[in-house]
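Just below is one structure, and these are the notes that go with it.
All ligand and atom numbering here is 1-based and tracks the order in the structure.
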Amino acid sequence: MESVYKRIQDQRLQERVVSAEEAASWIQDGMTLGLSGFTRAGDVKAVPFALAKRAEQEPLKVNVYTGASLGSDVDKLFAEVGMINKRLPFQADPTMRKKINQGELYFIDQHLSHTSEWIRANVLDPIDFAILEAVSITEDGMIIPTTSIGNSMAFAQHAKSIIVEINLAQPELLEGIHDLYEPGSQGERSPIPLTKPDDRIGSMGIPVDIEKIKGIVFTNQLDSPSTIVAPDEETVTMAQHLIAFLRQEIEAGRLTNRLAPLQSGIGSVANAVFHGLLDSEFTDLEVYSEVLQDAVFDLLDAGKVRFASCCSITLSSSKMEQVFSNFEQYRDRLILRPQEISNHPEVIRRMGLISINTALELDIYGNVNSTHIMGTQMMNGIGGSGDFARNARLGIFVTKSIAKDGKISSIVPFVSHVDHTEHDVDVIVTEQGYADLRGLAPRERAELIIERCAHPMYREQLTEYYQEALKKGGQTPHVLEKAHSWHVNYAKNGTMLQKVVQHM
Ligand code: COA
């Protein structure tokens with residue numbers, strides 16, 4: 001037990017250790033909770049379960065704010081029990097997704113850099129409890145986060161009370177890799193003094209008023225592993241196209257072999273594309289990203305990446321085992337930051353990031369939909385993709401050109417929902433090729449996207465639409481009555497292919 005208490009150095013706090021059930025009993029119907037956790041990493045693992053158990057037996061609905069998606073099926077459980085009134089800013093769970101789309105809970109799909117600003121400015125309901133996973137609490141009252149930081153700093157500083165879950169399964173070696181920086185109120189703040197991915201600008205933990213810490217719960221459970229799938233033939237080809245584009249940038253003198261700090265989005269496609277850099281000639285790379293997935297650790301191991309800054313580490317179970325059993329070798333090459341800093345427009349623009357995110361669909365003019373299936377059904381959320389795409393040196397979007405065995409074209413006349421407007425999208429990469437849209441007018445963009453990125457089975461159909469649109473004229477030609485006909489056709493006939501449209 002002595003070693004366990006080593007993780008709480010302040011004597012006064014040692015007396016506040018309670019069970020998860022007791023901590024959960026303090027939470028009342030209608031409260032707002034700020035939970036640590038970002039893409040399955042560093043999430044609280046005991047109190048949410050105890051709370052869901054209570055919600056099975058008594059009326060209990062709460063608002064849940066997090067960094068991003070939670071692990072341990074907590075979002076699934078919360079959704080099943082029906083205990084969520086409002087959830088923000090991101091989720092990625094199929095059950096919660098279903099409930100959101102059925103209108104059973106409110107979901108605010110928000111740029112991930114914005115949540116802390118709203119909390120700081122009292123835009124949102126005040127947070128009753130911040131419930132945060134920690135490696136330890138230091139003598140001077142700092143909470144040391146675990147594998148993510150997310151919005152934990154804002155939650156801790158603005159919540160009325162704090163519950164800390166000290167997770168003994170999270171290695172103490174994590175102490176020292178966090179960099180907590182509080183930018184201050186808008187209109188009163190100075191420039192964020194961050195010019196390189198490895199700059200340290202803050203403290204190693206979250207400074208809190210220890211009187212706010214109402215209880216401490218011990219847990220001993222690893223993060224949930226990520227669900228990404230291994231690269232396939234198409235994602236490998238996409239990586240090759242991306243590398244070809246980057247080589248063109250080097251030839252043009254706009255980049256060197258060191259490229260620029262890289263950001264890659266979540267999911268299997270983004271991971272596979274990053275993985276492709278392993279076989280490239282690029283060296284001495286830096287990563288300034290939101291989530292570090294497996295591929296970044298492969299690149300660190302291969303000596304391709306020199307340094308990586310992020311706000312969460314989300315790994316498959318084999319990679320988690322490998323990384324955390326050898327964590328010493330990564331410690332001085334990693335920094336974890338709050339998500340408002342990892343995703344901060346000021347920093348992203350200053351460093352000139354190369355930003356690679358995944359689209360669900362995009363249109364012939366370069367507008368991107370990353371969130372809504374067929375225009376209405378929420379997938380996960382915009383996450384940090386907007387923070388990065390709009391402010392990066394290069395806003396790159398990758399997607400396979402078709403989905404669902406070709407029944408869906410990922411390139412459509414007009415996206416059914418817009419997350420990233422044509423103004424924020426510089427380059428598109430599919431397994432067919434890449435389209436560099438910079439400096440191109442809408443009519444030039446349409447021709448290039450159809451020719452280079454669309455799947456051959458949809459190319460003619462896209463060209464027909466575009467030709468018809470051209471007859472109507474305009475800066476951005478469209479046949480408005482047909483702009484969403486491909487989605488309508490899919491809803492009615494299960495395919496976007498035109499020949500079925502003709503029989504409608
Ligand atoms: N229409 C309908 N479904 C589509 C589709 C489209 N145009 N394109 C892809 N899909 C489906 C796929 O078939 C797949 O379905 P399945 O789960 O039933 O197999 C699913 O969407 C996921 O697609 P996949 O190709 O496996 O992509 P992914 O795992 O790389 O995830 C996103 C892609 C867009 C869902 C994911 O990257 C995301 O949520 N992005 C938004 C947030 C973000 O970018 N954050 C990063 C900032 S750091």
Side-chain angles (χ1 to χ4, degrees), residues 38-39 67-69 89-94 97-98 109-113 148 150 226-232 234-235 238-239 262-275 287-293 295-296 309-312 314 339 342-344 348 353-363 368-392 395-412 414-417 419-420 424-425 429-431 454-455 458 486-487 489-491 494-496:
F38 196 106
T39 53
S69 54
F90 187 83
Q91 60 74 48
D93 176 75
R97 187 180 293 155
K98 203 167 151 199
D109 170 20
Q110 194 185 26
H111 292 304
L112 295 188
S113 72
S148 73
S226 73
T227 52
I228 49 167
V229 297
D232 58 25
E234 282 169 333
T235 50
M238 284 155 80
L262 296 160
Q263 176 265 335
S264 127
I266 54 155
S268 306
V269 173
N271 187 62
V273 167
F274 237 37
H275 208 261
V287 171
Y288 192 84
S289 202
E290 184 186 275
V291 181
L292 299 189
Q293 303 191 118
V296 172
S309 166
C310 64
C311 97
S312 121
T314 302
Q339 69 197 66
S342 64
N343 292 26
H344 205 290
I348 293 165
L353 261 54
I354 298 174
S355 165
I356 307 155
N357 291 288
T358 311
L360 279 173
E361 65 173 3
L362 55 98
D363 67 30
V368 165
N369 171 11
S370 296
T371 57
H372 284 68
I373 304 269
M374 298 294 145
T376 59
Q377 304 292 303
M378 173 53 63
M379 183 75 175
N380 300 326
I382 192 167
S385 55
D387 291 326
F388 287 99
R390 171 158 289 183
N391 300 295
I396 302 172
F397 281 90
V398 296
T399 182
K400 292 183 184 179
S401 66
I402 48 173
K404 306 295 175 207
D405 300 323
K407 295 188 183 75
I408 293 174
S409 172
S410 306
I411 299 174
V412 290
F414 205 155
V415 281
S416 55
H417 174 92
D419 291 296
H420 312 286
D424 299 332
V425 179
V429 181
T430 70
E431 80 291 347
H455 194 279
Y458 283 101
W486 293 31
H487 302 87
N489 187 27
Y490 180 75
T495 178
M496 285 185 171

Is the closest side-chain donor-acceptor distance between Ser370 and Asp419 under 3.5 Å? no

We want to know whether Asn271 and Ser268 form a side-chain donor-acceptor pair, criterion being a heavy-atom distance below 3.5 angstrom. no

Salt bridge (Lys or Arg N to Asp or Glu O under 4.0 Å), paired with Lys400, selected from Glu361, Glu431, Glu234: Glu234

Output all residues satisfying side chain to side chain contact (heavy atoms under 4.5 Å, CB included) with Ser355, sequence neighbours left out; order by chain, then residue number. Gln263, Asn357, Phe388, Ala392

If the condition is side chain to side chain contact (heavy atoms under 4.5 Å, CB included), which residues does Ala389 pass it with, not counting sequence neighbours? Phe397, His420

Residues two or more places apart in sequence or in another chain: which of them pass side chain to side chain donor-acceptor pair (under 3.5 Å) with Gln293? none

Give every pair formed by an N or O atom of ligand 1 and a protein N or O atom closer than 3.5 Å, one pair per line with both atom names and the distance to 0.1 Å, or write none.
from, atom 1, to, atom 2, distance (Å)
ligand 1, 7 (N), Leu360, O, 2.9
ligand 1, 8 (N), Leu360, O, 3.4
ligand 1, 13 (O), Lys404, NZ, 3.1
ligand 1, 15 (O), Lys404, NZ, 3.0
ligand 1, 18 (O), Lys404, NZ, 2.8
ligand 1, 29 (O), Ser268, N, 3.4
ligand 1, 30 (O), Ser268, N, 3.3
ligand 1, 30 (O), Val269, N, 3.1
ligand 1, 37 (O), Ile266, O, 3.3
ligand 1, 39 (O), Asn380, ND2, 2.7

